[in-house]
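First comes the structure, then the notes that go with it.
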Number of protein chains: 2
Amino acid sequence: MRDHGGSATSVTSAAPRCSGRATSVPRCPLVITLRSAQKVTTASRGLARWCQLPLPSSSSIRIDDDADASSEGGALVPTSRDVAKLAGVSQSTVSYVLSGKRPISPETRKRVEGAIAQLTFQPNAGARALASQRTQVIGLVAPFGVTSDHSGLLPFIETIARSVRDHDHDLLLVTNDEGADGLVRVAGRRIVDALVVMEVEARDERIPVAAGLDVPVILIGVPDERAGLPCVDLDFHAAGALAVAELAAVGCRSAAVLGYSSAEIDRGINYVPRFLEGVHAGAARLGLPLTVVSPVELERASVDAALDEVLSVESDEGELPGLVLPHTEGVAGVLRALADRGLVPGRHLGVVAMSTDAAAEEFTTPLTNVSLEPRDVSRRAVETLFRLLEAPADAEAPGIELVQPRLTRRASTALPPALAAAQLTA
Amino acid sequence: MRDHGGSATSVTSAAPRCSGRATSVPRCPLVITLRSAQKVTTASRGLARWCQLPLPSSSSIRIDDDADASSEGGALVPTSRDVAKLAGVSQSTVSYVLSGKRPISPETRKRVEGAIAQLTFQPNAGARALASQRTQVIGLVAPFGVTSDHSGLLPFIETIARSVRDHDHDLLLVTNDEGADGLVRVAGRRIVDALVVMEVEARDERIPVAAGLDVPVILIGVPDERAGLPCVDLDFHAAGALAVAELAAVGCRSAAVLGYSSAEIDRGINYVPRFLEGVHAGAARLGLPLTVVSPVELERASVDAALDEVLSVESDEGELPGLVLPHTEGVAGVLRALADRGLVPGRHLGVVAMSTDAAAEEFTTPLTNVSLEPRDVSRRAVETLFRLLEAPADAEAPGIELVQPRLTRRASTALPPALAAAQLTA
DNA sequence: CTGAAAGCGCTTACAG
DNA sequence: CTGAAAGCGCTTACAG
């Protein structure tokens, strides 16, 4: 047993003796005796302060700390061996009671559970991982610091963390700074059982590395070459088509897309072309004239230029095109630029944006949006990952799962009676 | 060694034999022989597909897979014992080369490092944790789902994750759904070595629990009763004082605070009173008349009412009060309401908001802000936590660390020449 | 400067 | 339905 930092303090643990290693102050019933006043050290001073006791100058103090008393500074942690002894069963029985991997008689179970409760036993995760080859931890590779804004990231992290907990696992955050090495590290050292890789790029250096790991990996996003790895993502093609279909439905005679920022395009994020293809396909099917301006940067000047270009293409009847705003971060800037021109979404022109519902409702004119469904995508990713984790090695590997986007009509496509009427009679 | 799912496949690993457990396909040099064509199973089919080989009908195939080839589907992972054998040293020497905990001769080191590289050895985290009683994982208890918006949360998570990696540890995310039980679980099972608890409330049920754990805990935020736990937070008192001082400096003759939302107040977040106290103290020192309206909800009606109240208190000279907006989430709504009234920040009245610099610059009129400094706070928290983790048991326990806020003047307090001049001559 | 060996606290065939 | 024991892959006194 380790000394408590000063020879003045001696610790004697009373029965039942725990077999665990002492970190500092045992959690078992104990007696602390301060032997000599002269030799009182910082450690014993600290301890006394902790216990809210005056530091005695030349007497001994007694602390009766019961088993589940929570005093900081370390504890002699009970093991499953202690539980077994107390319950009068073998250690394996304790393990089986915990895991449910074999039938246990009701009486035995009761005794074991009682002992567990009495000792406030909690299984050691490291020992369990070593013996079972399962860490019960999932790694999440999150794209911190790649782009400036990441407000959209949080719902993913949150939902993934919760879903993983629903499967009795924990979530380890792997920042993207480490790149592919991070994947190799957490998988190779068996820190995690499986990985979720977020925001994969079209040609992502992490893909071949991830495919070579001997733990299951799921991608959020769809790279050009997925190397056999399962992917989950929003159906951005459908999202693009949905956006133009809405504009057509409310009577817009043409559509214009104010594209992504060049930062986003340069990163080769695969949803950019997928969304634009969807827009094109949708417009073509509906016979809607389409203009795409891309890239559009977040800066005011770039937004103004793009808007000028788009608004100059008005139709013969002086009608403005319906606007599709795929770039969530840029939406606020475009709306501001519209306001500067005295243009009100839903009155002078239709606007559909890719954004969360919450963000869409925040604007002066609530926006019709196509939701990014981060929660659905995250949940699906985790479900698939656990199916993979539990699947026999010969199971069918899942492919690409696409979550269908959802459009919610709000004021920004509530077009004027004239247009709406035209639409109704059409 | 585990069977590969079908009796038709036998796997023989060539020297050097690895001592690790086979999950599926060994990573060591190996020979795979398909014995009988009739008995080809799904498993062996899957294997063949993987290897990009046609499935032979009645012959045996040979695959020479070298040690660092990365083929999915499992691997016979090398252990430090394999490294030791290959390097001709003892297992303990391998461990010491890795940990640097005792001097190693250059030649020995070279041989060991060579063997590690050759086998692409990575130490098993579970085994290491079990033997060393250190998991190298820090837990972060993040307040997911407590409030609606959490964009402000991300910089904390990001910075904490990075800082923790700088100390060669990983970050485990503990969602707040589990409440105090989550702390007990990850600490008690030794899933983490230490904890960061975010957004602590004034009377937080997690505090006494956290204080009873036998792992170091650091709080971000300052509860009423910190139970001896170290805290790191922004100095909200100073922030409040800084905000009114700025308004006074640019010539405002009175100040008004549009307070927090009742949701935030109800949660008993400790920075609410601290900030307001700072505002009061600052205003008192400067002799600035002060109005505080609180709560102010995020809803338009509430903002309008608060603004009406505040703007009616104009001075004899018809001057409007300077506005302090402590509630980051509510800033956008207040600005919109001001715009509706034709009031421009920095022209008709001064405005100072609590917000990140990035957010402050996003508004039509860039805002003078007092930064929340999430990165500084996070970094300090992690530094203190590791000091705690490495400190001897008798070390001095740290108390409350307050990070000083920083004010950046922008257009919203660039008041009209008349006022500025008045201020200069004063 | 290095090695042999015990031990960390579980799980899981194996045996009954 | 239960137990005895091997073993997971490291670290760390102990010994030289």
Side-chain angles (χ1 to χ4, degrees), chain A residues 1-3 18-23 75-112 116 119 121-136 188-191 193, chain B residues 1-3 17-23 75-85 87-112 116 119 121-136 188-191 193:
Chain A
M1 191 174 281
R2 209 172 284 175
D3 193 307
C18 288
S19 63
R21 192 183 279 185
T23 322
L76 212 158
V77 181
T79 71
S80 70
R81 212 167 137 271
D82 300 316
V83 173
K85 256 185 241 161
L86 186 57
V89 300
S90 75
Q91 208 177 352
S92 59
T93 297
V94 174
S95 177
Y96 287 119
V97 165
L98 250 29
S99 72
K101 287 189 183 172
R102 82 178 180 192
I104 302 284
S105 73
E107 314 86 77
T108 304
R109 175 183 301 281
K110 199 160 301 168
R111 283 218 314 287
V112 171
I116 288 174
L119 299 177
F121 165 74
Q122 296 197 258
N124 179 296
R128 181 173 265 189
L130 181 57
S132 69
Q133 307 284 74
R134 286 296 198 108
T135 63
Q136 309 264 94
R189 301 186 162 212
R190 306 282 123 134
I191 294 172
D193 287 333
Chain B
M1 193 175 280
R2 209 173 283 172
D3 192 308
R17 261 196 116 81
C18 289
S19 63
R21 193 183 278 184
T23 323
L76 211 157
V77 181
T79 70
S80 70
R81 211 166 137 271
D82 300 317
V83 173
K85 256 186 242 161
V89 298
S90 76
Q91 208 177 352
S92 60
T93 297
V94 174
S95 177
Y96 286 119
V97 165
L98 250 29
S99 72
K101 287 189 183 172
R102 82 178 179 191
I104 302 284
S105 73
E107 314 86 77
T108 303
R109 175 182 301 281
K110 200 159 300 168
R111 284 219 312 287
V112 171
I116 288 174
L119 299 177
F121 166 74
Q122 294 197 259
N124 180 295
R128 180 173 266 188
L130 181 56
S132 69
Q133 308 283 74
R134 285 295 198 110
T135 63
Q136 310 265 93
R189 300 186 161 211
R190 307 283 121 136
I191 295 173
D193 287 332

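Throughout, protein chains are lettered first and strands after them, A, B, ... in sequence-line order, and every chain is numbered starting at 1. Hydrogens, waters and symmetry mates play no part in the numbers below; they use all other heavy atoms, side chains included.
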Whole-Å gap separating P (dT12(C)) and OH (Tyr96(A)): 7 Å
Under-4.0 Å side-chain N/O to phosphate OP1/OP2 contact, Ser132(A) with dC10(C): no
Separation of dC8(C) C1' from Asp82(A) CG (nearest whole Å): 14 Å
Out of dT11(D), dT11(C), dG9(D), whichever nucleotide has its closest atom nearest the side chain of Leu130(B): dG9(D)
Heavy-atom check, side chain of Leu86(A) versus side chain of Val83(A), under 4.5 Å: no
Ser90(A) side-chain N/O to dG3(D) phosphate OP1/OP2 under 4.0 Å: yes
Complement of dA15(C), any strand, by Watson-Crick or G-U distances under 3.5 angstrom: dT2(D)
Rounded interatomic separation in angstrom, taking CZ from Arg134(A) and C1' from dT11(C): 13 Å
Given dT12(C), dC10(D), dT11(C), the nucleotide with the shortest approach to the side chain of Arg128(A): dT11(C)
Atom-pair distance (CG on Asn124(B); P on dC8(C)), nearest Å: 18 Å
Nucleotide nearest Thr93(A) when distance is taken to its side chain, options dT2(D), dT12(D), dC10(D): dT2(D)
Whole-Å distance separating the CZ atom of Arg81(A) from the C1' atom of dG3(D): 15 Å
Interatomic distance, Gln91(B) CD vs dC10(D) P [rounded to whole Å]: 7 Å
Nearest-Å distance once atom P is located in both dT2(D) and dA6(D): 23 Å
Heavy-atom closest contact (Ser80(B) atom, Gln91(B) atom, distance): OG-NE2, 2.9 Å
Sugar-phosphate, base or nothing in reach of Val94(B), heavy atoms under 4.0 Å: nothing
Side-chain heavy atoms of Ser92(B) within contact of Arg102(B), under 4.5 Å: yes
Thr93(A) vs Arg111(A) side-chain heavy atoms within contact, under 4.5 Å: no
Given dC10(D), dC10(C), dC1(C), the nucleotide with the shortest approach to the side chain of Pro103(B): dC1(C)
Out of dT11(C), dC1(C), dG7(C), whichever nucleotide has its closest atom nearest the side chain of Ala131(B): dG7(C)
Sugar-phosphate, base or nothing in reach of Ser95(A), heavy atoms under 4.0 Å: base
Any Lys101(B) side-chain N or O less than 4.0 Å from OP1/OP2 of dT11(D): no
Side chain of Gln133(B) - closest among dT2(D), dC10(C), dC8(C): dC8(C)
Whole-Å distance separating the CD atom of Gln122(A) from the C1' atom of dC10(C): 15 Å
Under 3.5 Å donor-acceptor, Asp193(A) side chain and Arg134(A) backbone: no
Presence of donor-acceptor pair under 3.5 Å, side chain of Ser92(B) and base of dA5(C): no
Which atom of Val77(B) lies closest to which atom of Asp82(B), heavy atoms considered: O-OD2, 4.3 Å
Rounded distance (Å) that lies between atom C1' of dT11(D) and atom CG of Leu98(B): 11 Å
P-based separation of dA13(D) from dG9(D) [nearest Å]: 23 Å
Pairwise P distance for dC10(D) and dC14(D), with rounding to whole Å: 23 Å
Nucleotide nearest Ile104(B) when distance is taken to its side chain, options dT11(C), dG9(C), dT2(C): dT2(C)
Under-3.5 Å donor-acceptor pair between Arg102(A) side chain and dG3(D) base: yes
